[in-house]
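Input: a single structure, listed below in structure tokens.
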Amino acid sequence: MTGGGDCPGLNAVIRAVTKTAISKYSMEVWGIEDGYQGLIEKRLRPLSYENASHILSIGGTILGSNNTTNPFKYPVRNKAGKVIFKNMSNSCIETLAQKKIDALVLIGGDGTMTSAAGFAKKGLTVIGVPKTIDNDLWGTDVTFGFDTAVTTAAEAIDKLRTTASSHHRVMVVEVMGRYAGWIALHSGVASGADVILIPEIPYRLEKICRFVQQRNNWGKSYSIIVVAEGAKELGGKMVVKKTYAYSPDPIRLGGIADKLAGQIEQATKLEVRSVTLGYIQRGGTPTPYDRVLATSFGYKAMELLVSGVKNRLVVLKNNKLSSVPLSQVAGRTRTVPVNSPLIKAARAVNTCFGD
Ligand code: F6P
């Protein structure tokens with residue numbers, strides 16, 4: 001099953017799990033459609049070796065995904081038309097038992113893993129595989145999908161640099177990442193951004209304005225500001241675009257680039273534009289790094305299951321594949337350490353973090 005927001009490399013994991021299971025261990029493999037929603041609605045289908053062929057480099061997921069369904073808190077309407085929450089986990093377990101399914105490989109981020117830990121507690125055999133462009137899953141140094149998102153964002157920022165330079169503008173580029181600044185930090189450093197704003201380091205508007213103004217005084221007629229969607233002003237709040245009441249995480253962030261662009265233009269009288277990169281960061285073909293990581297994770301998941309290990313998340317720690325208990329991962333987020341070597345390196349080349 002692939003759960004949560006999609007990301008490049010999901011198909012590479014499906015391929016690795018399915019091919020290893022069928023050709024190395026003569027197992028039968030089933031795919032669950034559209035994440036936990038498909039499990040609740042009993043939408044499962046057999047996966048053959050052929051189904052898993054020619055999908056390594058294709059973005060998205062052949063199984064479909066969903067980031068709004070929580071099987072432990074599923075909204076249904078009662079007879080009076082009022083929304084009440086039902087725990088669907090026993091019904092999901094029954095569906096799997098009917099199909100004689102012995103183990104689940106759940107490919108997802110923190111929402112998927114929190115429910116995975118719940119299923120493990122109820123006796124199911126579960127192995128998690130860490131995906132997300134946000135790179136914010138606790139327990140692993142890296143998730144697959146992140147490298148592709150950073151590559152896409154850095155390429156886009158390179159393009160924005162030439163137009164910003166032609167027009168002597170300040171360009172504010174918003175990238176995804178939820179409550180963590182990994183994508184902003186890495187794409188910003190990779191593209192030589194002048195200012196990088198991340199949720200872990202609350203910014204001061206006047207610092208940013210002074211910095212871009214100073215660049216102008218030095219004869220740099222344009223500036224690139226990369227801002228994580230979760231960045232916030234010191235003492236301020238993240239900019240929320242929408243809320244989905246029944247989603248495991250109801251909040252959808254977005255809008256900080258537009259807000260900042262207006263504020264900087266007003267304060268500096270420079271010409272400022274904003275761009276939100278959005279879903280292109282989640283789409284497209286995975287980078288070779290993500291294909292390799294996804295294949296390694298999928299293979300490791302199968303090796304753990306076959307050796308009798310269960311209820312763990314496959315992780316990459318210090319460049320080595322290993323695993324951690326799902327119970328430790330549930331409900332936690334891995335954010336950027338504010339004194340990380342990359343932040344120190346960026347500061348050394350005069351990147352402003354707005355603090
Ligand atoms: O977790 C991946 C992610 O793309 C985040 O970076 C972003 O905040 C969120 O999903 C967007 O969610 P949705 O697909 O529901 O708009």
Side-chain angles (χ1 to χ4, degrees), residues 1-10 13 34-37 59-61 63-70 75 106-116 128-140 142-154 156-157 173-188 196-200 226-232 237-259 275-284 286 290 293-294 313 329-336:
M1 188 195 93
T2 50
D6 73 336
C7 83
L10 289 167
V13 183
D34 299 335
Y36 288 122
Q37 186 67 29
T61 157
L63 290 174
S65 197
N66 175 298
N67 68 357
T68 52
T69 304
N70 178 351
L106 298 177
I107 310 164
D110 62 348
T112 306
M113 293 313 147
T114 301
S115 294
V129 177
K131 76 86 225 189
T132 168
I133 61 162
D134 304 334
N135 201 33
D136 62 350
L137 203 54
W138 191 88
T140 185
V142 64
T143 56
F144 74 85
F146 173 63
D147 185 64
T148 309
V150 168
T151 304
T152 301
I157 299 163
V173 191
E174 179 175 319
V175 297
M176 283 183 162
R178 264 189 349 157
Y179 311 119
W182 295 105
I183 299 178
L185 177 62
H186 282 248
S187 63
I196 300 175
L197 304 174
I198 60 175
E200 295 83 351
V226 175
V227 57
E229 61 182 358
K232 57 177 190 287
K237 285 192 176 131
M238 292 181 184
V239 182
V240 175
K241 191 175 182 191
K242 267 186 188 171
T243 52
Y244 291 94
Y246 309 130
S247 184
D249 179 0
I251 290 170
R252 296 296 182 277
L253 299 169
I256 181 78
D258 288 347
K259 180 181 162 186
V275 180
T276 300
L277 295 186
Y279 296 95
I280 63 160
Q281 295 160 95
R282 291 221 313 240
D290 274 339
L293 187 62
L313 175 74
V329 178
R332 295 171 88 170
T333 308
R334 191 177 72 97
T335 51
V336 178

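Whatever order the structure lists ligands and atoms in, that order sets their numbers, starting from 1. Below, all heavy atoms of this structure are taken into account, side chains as well, without hydrogens, waters or symmetry copies.
Closest heavy-atom approach to atom 10 (O) of ligand 1 within the set R282, M176, R178: this belongs to R282.
When all heavy atoms of I157 and S187 are compared, the pair lying nearest together is CD1-OG, 3.9 Å. The two residues P8 and R282 have their closest heavy-atom pair at CD-O, 3.2 Å. Residue C7 comes nearest to I133 through the heavy atom pair CB-CG2, 3.6 Å, listed as atom of the first residue, atom of the second, then distance. Considering all non-hydrogen atoms of both residues, D249 and Y179 come closest at OD2-OH, 3.0 Å.
In this structure, atom 16 (O) of ligand 1 lies nearest to the protein heavy atom Y279 OH, 2.4 Å. Summary of contacts: the protein heavy atom closest to atom 15 (O) of ligand 1 is R252 NE, 2.5 Å.
Near E229, meaning under 4.0 Å from one of its heavy atoms, ligand 1 places the atoms 5 (C), 6 (O), 7 (C), 8 (O). Interface of G177 with ligand 1, defined as ligand atoms under 4.0 Å from a residue heavy atom, comprises 6 (O).
When only modelled atom types and interatomic distance are considered, R178 and T333 share no side-chain donor-acceptor pair under 3.5 Å.
Within the 3.5 Å criterion, the main-chain N or O of G145 finds no donor-acceptor partner in the side chain of T132. At least one donor-acceptor pair under 3.5 Å links the side chain of E174 to the backbone N or O of I256.
The closest approach between any non-hydrogen atom of G109 and ligand 1 is not below 4.0 Å. In this structure, Y244 has no heavy atom closer than 4.0 Å to ligand 1. Between D134 and ligand 1 there is a heavy-atom distance shorter than 4.0 Å.
Contact annotation: for N67 versus ligand 1, heavy atoms closer than 4.0 Å belong to the side chain alone.
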